[in-house]
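A note on names: the letters A, B, ... follow the listed sequences, proteins ahead of strands, and every chain is numbered from 1. These numbers come from a predicted model, not from an experiment.
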Amino acid sequence: MNAYATTAHHDDHHDHGPAPGLMRWVTTTNHKDIGTLYLWFSLIMFFIGGAMALVIRAELFQPGLQVVDPHFFNQMTTLHALVMIFGVVMPAFVGLANWMLPMMVGAPDMALPRMNNWSFWILPFGFSLMLCTLFMEGGGPAAGWTLYPPLSLQTGNAFPYLIFSIHLLGVSSIMGAINIIATIMNLRAPGMTYMKMPLFVWTWFITAYLLIAVMPVLAGAVTMLLTDKYFGTSFFDAAGGGDPVMFQHIFWFFGHPEVYILILPSFGLVSEIIPTFSRKRLFGYNSMVYATASIAFLSFIVWAHHMFTVGMPLTGEIFFMFTTMLIAVPTGVKVFNWVSTMWRGAMTFETPMLFALGFVIMFTIGGFSGLMLAMTPIDFQYHDTYFVVAHFHYVLVPGAIFGIIGGVYYWLPKWTGHMYDERLGKIHFWSSTIFVNILFFPMHFVGLAGMPRRIPDYAVQFTDFNQIATIGAFGFGFSQILLLAIVVKCIRGGEKATDQVWEGAQGLEWSVSSPPPYHTFDPQPVIK
Amino acid sequence: MMMGRPVAKNARMTVIILFAVAFLIYFGFIFMAGTGRL
C-alpha cells in the first residue's frame, strides 16, 4: 500500500463525529474523548481518596482511638496514597496531555489512538482490583504505599490483588508515556521545532521518559515481592540470603523520579498560565527547558535521601545530601522565571492565574521544607514525622493539584465552549487556599515536636494542632465540591467562550474554535 | 501536509524501542537483584 492510498482511506472517515450512546466512551480512539475520560476518572478518584483522607483526619481529631480501628487506619493511609498518586494526579496529567498535547503541537490526534483507549480502560479495572480488597477478609493493604517488606508480606488475601493492580497501573502509565513521546517526536506540525514547543509539551515529554525509565522498576520490585510471598524466592528475605533494605533502594529508585513525574507537568501548566495572564512571553524559555531536564536527571541520583536513617556509609549520605540540595538550583531557576514573567506584566487575576500564583508560593514552601529534609543530620530528627507529611503534601496538594486545577480552569472554556462561573471559581480558590494551609501548616509543628506519621493515636500535647488540621481537612474536602459544581455548570451552559478565550493566550490550541471540532489539525498547520 | 505511512512508520519504531527499553529495565532489575548485583 502506498502512502497516498493510506491517506485517502483515512480521509474517507474523517468527518465522522463521535459514536452515539455509551459505546462512544468505550470504543473511542479520539484524544479529546479519552482526555475527558481520564479527567472524570481522576475527579472521581479524587473524591474517593479524599474521603479516605477525611477518615484519617477524623481519627486524628483527638488522641486515643475513636472512629476506626488501627488496622483500618493503616489501610486508609496506604490506599489514600496509592489512589491519590496513581488514580488522581497521574491520570489528571495524562488527561490534560491527551486533550491538549495534539492541539498544542498541531497533530490530528495522538500517535497511537487505539493504545490510548487501552491505556485508559485499564485504569478502572486496576483500581477495582485495588479497592475491592477493602471488602476482603483481613482487609486491604495496610503496610503503607511504599510496601516495605517484611511488613508488606504479612498482607493477607489482598496482596496478590494489590500487586496485580500496581502492574496494571504501571502498564497503563507506560503505554500513555510511549504514546506521548511518539506523538511529540513524530506528529509535530511542520515548523514546530523542539525549542518552539509549549512548556507543557516539554515538561510532559521529559516526564514521559521518566515514566518509561522508572515504572518498570516498580513493576520489578513488586514482582519480586510477589515471588517472595508465593514462590519461595528470597529477594528481600534475610533468612534466605536476601536483603530487605535492597527493596527500599529499588523502591526509591522508582519513587524519587515518581515525585517529579507528579510535579513536572504542573510546572508546565503554570508556565502556560502565568504568561497568559501576565500578557508577556515566558521569561527564560530555554532555561525552563534545561531546568526541567536537569531536575529529571538529578531525580535519578537522589533516591537514598528517603532512607538516611536506615543506614548507609557516610560518603553515601553526603553524596545523596548534596545531590538532593542541588535540585534546588534548577527549581529556583523555574521559580525566578515565573516571577520574572510576572514582573511588569499587565497582570489580571482570573481563577487559573490565582491557582498558578498559589502554586508558585505554596510549592516553594514545600520545596524549602524539602531542602531541610535533605540535610542528613537534621533528617535523623525529622524522619517519619509529620514534618515529612507536611512537606510532601505542600508539594503535592497546593503544588501538583493546584497546577491541575489551574489547568482545568484555563482550558475549560476551550473544552466546553462556555466560560465557567468566575465568581464561584474565585471562591473555590480562596476556600481551597485558606483550608489547605489550615490543614497542612500545623503538621510542620507537630512533626518538629516529634509526632510520628502513620499512627492512629498520639500524645496529648499534639492535640491542638491536630484539631486545627482536621478542621482544615474537612474545609478543603468540602471546597472541592465547588469544583465539581463549577465544571458541571460550565458544561451545561454559560457565557459563550471566544476562540482565544483569554486576551493574552498564545499557541495553536487557541486558534481552533471553542469547543474544538471533534477532529482538529488535519491538514496540519505550518509554524513559521 | 502529507501524513501517511512514513510518519506512522517512525511512530512504530519509537514505540518498539520504548517498549523494549521498558522490558529491559523490568527484567534487568529483577535479574540484577536476583544475582546479587544490586
TODO: Please name the pair of heavy atoms, one in Thr14(B) and one in Ala182(A), separated by the smallest distance, quoted to 0.1 Å.
DONE: CG2-CA, 4.1 Å

Task: Nearest-0.5 Å distance, CZ of residue Phe254(A) to CD1 of residue Ile25(B) - done: 13.0 Å

Task: Between CE on residue Met32(B) and CE on residue Met246(A), distance to nearest 0.5 Å - done: 10.5 Å

Open item on the list: When you compare the side chain of Met175(A) with that of Phe19(B), does any pair of heavy atoms fall below 4.5 Å?
Closed with: yes

TODO: Would you mind checking which part of Ile178(A) comes under 4.5 Å of any heavy atom in chain B, side chain (CB onward), backbone (N, CA, C, O), both or neither?
DONE: both

Open item on the list: Here's a test for you: under side-chain contact (heavy atoms from CB on, under 4.5 Å), which of Ile212(A), Asn179(A), Ile174(A) qualifies with Leu18(B)?
Closed with: Ile212(A)

Task: Min side-chain heavy-atom separation Met224(A)-Ile30(B) under 4.5 Å - done: yes

Task: Tyr209(A) portion near chain B, given a 4.5 angstrom heavy-atom threshold - done: side chain

Open item on the list: Within this structure, what is the CD1-CD1 distance for the pair Ile181(A) and Ile17(B), rounded to the nearest 0.5 Å?
Closed with: 11.0 Å

TODO: Pick one of side chain, backbone, both or neither for Met215(A), based on which atoms fall under 4.5 Å of a heavy atom in chain B.
DONE: neither

Task: Flag if over 12 foreign heavy atoms under 6.0 Å of CZ, Phe164(A) - done: no

TODO: Take atom CH2 of Trp118(A) as the centre, draw a 6.0 Å sphere, and report whether it contains more than 12 heavy atoms from other residues, nucleotides or ligands.
DONE: no

- [ ] Counting only heavy atoms closer than 4.5 Å, note whether Phe253(A) contacts chain B via side chain, backbone, both or neither.
- [x] side chain

- [ ] For Phe297(A), look at atom CZ and say whether over 12 heavy atoms of other residues, nucleotides or ligands are found less than 6.0 Å away.
- [x] no

Task: Minimal non-hydrogen separation, Asn186(A) against Ala11(B), with atom names - done: ND2-CA, 3.3 Å

Task: Heavy-atom pairs under 4.5 Å with chain B, option from Gly241(A), Ala111(A), Ala219(A) with the top count - done: Ala219(A)

Open item on the list: For Phe23(B), I'd like to know if atom CZ has over 12 heavy atoms of other residues, nucleotides or ligands within 6.0 Å.
Closed with: no

Open item on the list: Using heavy-atom distances under 4.5 Å, tell me whether Leu218(A) contacts chain B through its side chain, its backbone, both, or neither.
Closed with: neither

